[in-house]
Chemist: 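Structure incoming, see below.
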2 protein chains.
Amino acid sequence: MAVAGATSFSAANISERAALPPALALSTVIFALRPSENSGRPTLWLPLVRRIREPFKDLWALPGGPLTQADSLQDAAARNLQETTGLAPNYLEQLYAFGGLHRSPSQRVVSIVYWALVQSTQADLAQETENVKWFRADGLQELAFDHNEIVDYALWRLRNKMAYGSIAYHLLGETFTLAQVREVYEAVLNRSIDPANFRRQLKQAAHIEATDEFLQGGKHRPPRLYRYTGERQGEQPGSLFSAH
Amino acid sequence: MAVAGATSFSAANISERAALPPALALSTVIFALRPSENSGRPTLWLPLVRRIREPFKDLWALPGGPLTQADSLQDAAARNLQETTGLAPNYLEQLYAFGGLHRSPSQRVVSIVYWALVQSTQADLAQETENVKWFRADGLQELAFDHNEIVDYALWRLRNKMAYGSIAYHLLGETFTLAQVREVYEAVLNRSIDPANFRRQLKQAAHIEATDEFLQGGKHRPPRLYRYTGERQGEQPGSLFSAH
DNA sequence: CCAAAAGTGTTACCTATACACCCATGA
DNA sequence: TCATGGGTGTATAGGTAACACTTTTGG
């Protein structure tokens, strides 16, 4: 099924494409926070898999696969994510259906793409193999297919949701300090935020509750731990309540 | 391909489903403003097509069809919309990919759904036939498949975009008065808006310019006509600039 | 006691809202 | 001239950003 060089197409090639039914595939953009190599501050990373076949052999690509028959799109995305990277997502939402004519040089492929958030602890457990590796989300190298464009769009959506919705918690564990939430915002939105104002906004708007515990072991005054009380899963058409 | 009653499934039926590859379909939720039957004030309407075959024979459904091979998803949606209803959309954007297991009682179908806005003038031209008819967008009767859910989601998205983005102009013609824009907002968001404040918000935030013309023929002081200067097409992943 | 993060208080500014008011036109 | 929608001005409230200040820990 894989053919020739990925750059140009003959007329014969095009008419051959028109005869085949478009294939349906699922891919997922997975985000997690990991410490930066330099500063050690949390930054956005995502796992990619190496292509071991043409087309785009040896380039890195989003994890994905065919649509499993017995699952809904959402379930199939979660299952596929688990099988290719070993990760269990904390948040999963449909991103977009990409269906340009020449996304793949061989057969025409329509990809339904999801995006996911996983906790840092999860991400650390995930095995890095020869063919699965984490990359920083910004300044990514050239990827297979149109996956650079897809990652850019996912990043845009993530930042949008972060700025308005209450999504940051899905990158954190069961309990967290308000400073940690702030660090998530700063890492994703790539700008510093006033701690005083930020904590107030969180405590009034978002769905969190204070616990009786404090994070010990720091150098300074131990901060209080909080817990997220909102929805755990991603946004879906069924749930028409979330503001954005 | 069409089989049996739409309500329950035998085990044999299910395993048969699993063997077939999922079909890929396109549908579109089309919105236009038309005067209400009672008040004459503009309200939201959408065109539906009558099912002439099982499943769901004689119920109304969203216009749609298979993915044409030679077009991108966006182009295929526009073409399909043209062929089924005769309408040319002023705005077209992908809504969601619906892929639940039992959306269709026969074969499994994954529908990539778009939503569109057309001008009232267009909508008036569009021929109402035995099998194509306009309905008020709220309080819709029972539709085929999961199309009620899809329309609800499209309505939610429309209202969201309307409240933030600059989308209302796509329901209007080349030139328009600020009062007409306000009527669009009032019709879609279903609440009255202060004319004075609304005009100020528009004139500073949105991409419109004043023309030298005034709308004549009204009962009172002729209002100035404005023109939209922003983008004409829908939002797509390529264009990562629009706020929301 | 000092440094630094946790957490609180205060103020300036910006923008959405409410509403009083003037303007221009048809009848 | 009157009624009415078009269009402008202005005061008020609510929320965000900036930053001074207090609190609490480790060293």
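Every chain is numbered from 1 and lettered A, B, ... according to where its sequence line falls, protein lines coming before strand lines.
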Chemist: Answer yes or no: is there an ion pair linking A:Arg227 with A:Glu174, defined by an N-O contact shorter than 4.0 Å?
Modeler: yes

Chemist: Calculate the interatomic distance between B:Leu215 atom CG and D:dT4 atom C1'; express it in whole Å.
Modeler: 15 Å

Chemist: A:Ala196 near the nucleic acid: base, sugar-phosphate alone, or nothing, with a heavy-atom cut-off under 4.0 Å?
Modeler: base

Chemist: Assess whether atom CZ of A:Arg136 is packed by more than 12 heavy atoms of other residues, nucleotides or ligands within 6.0 Å.
Modeler: yes

Chemist: Reckon A:Arg224 touches a base, only the sugar-phosphate, or nothing at all at heavy-atom distances under 4.0 Å?
Modeler: sugar-phosphate

Chemist: Mind checking side-chain hydrogen bond (donor to acceptor under 3.5 Å, both in side chains) for B:Asn90 and listing every partner two or more places apart, or none if nothing turns up?
Modeler: B:Gln119, B:Arg232

Chemist: Walk along nucleotides 22-27 of chain D from 5' to 3' and tag each nucleotide B, S or - by protein heavy-atom contact under 4.0 Å, base first, then sugar-phosphate.
Modeler: -BBBS-

Chemist: Going 5' to 3' along nucleotides 10-15 of chain D, which nucleotides have protein heavy atoms under 4.0 Å from the base (write B), which only from the sugar-phosphate (write S), and which from neither (write -)?
Modeler: B-----

Chemist: Rounding to a whole Å, what distance do you find between B:Arg199:CZ and D:dT8:C1'?
Modeler: 9 Å

Chemist: Of all residues at least two apart in sequence or in a different chain, which pass the side-chain contact (heavy atoms from CB on, under 4.5 Å) check with A:Ala88?
Modeler: A:Gln122

Chemist: Between B:Tyr185 and B:Phe198, does the ring centroid distance fall short of 6.0 Å?
Modeler: yes

Chemist: Over how many whole Å does the gap from A:Asp194 atom CG to D:dC21 atom P extend?
Modeler: 16 Å

Chemist: If the condition is ring-ring contact (aromatic ring centres under 6.0 Å, His included), which residues does B:His170 pass it with, not counting sequence neighbours?
Modeler: B:Tyr91, B:Tyr228

Chemist: Please tell me whether A:Arg157 and A:Asn160 have a donor and an acceptor in their side chains that are separated by less than 3.5 angstrom.
Modeler: no

Chemist: A:Gln201 CD to D:dA18 P: how many Å, rounded?
Modeler: 11 Å

Chemist: May I ask you to check whether B:Tyr153 and B:Tyr96 place their ring centers less than 6.0 Å from one another?
Modeler: yes

Chemist: Is the distance between the ring centroids of B:Trp60 and B:Phe135 under 6.0 Å?
Modeler: yes

Chemist: So, A:Arg103 versus A:Ser111: side-chain donor-acceptor pair below 3.5 Å or not?
Modeler: yes

Chemist: Taking any atom closer than 4.0 angstrom to a non-hydrogen atom of chain B, what span of DNA chain C does the protein reach, first nucleotide to last?
Modeler: C:dT17 to C:dG26

Chemist: Can you tell me the distance, in whole Å, between the CG atom of B:Leu225 and the C1' atom of D:dG7?
Modeler: 15 Å

Chemist: State, to 0.1 Å, how close B:Leu171 and B:Met162 come at their nearest heavy-atom pair, and which atoms those are.
Modeler: CD1-CE, 4.3 Å

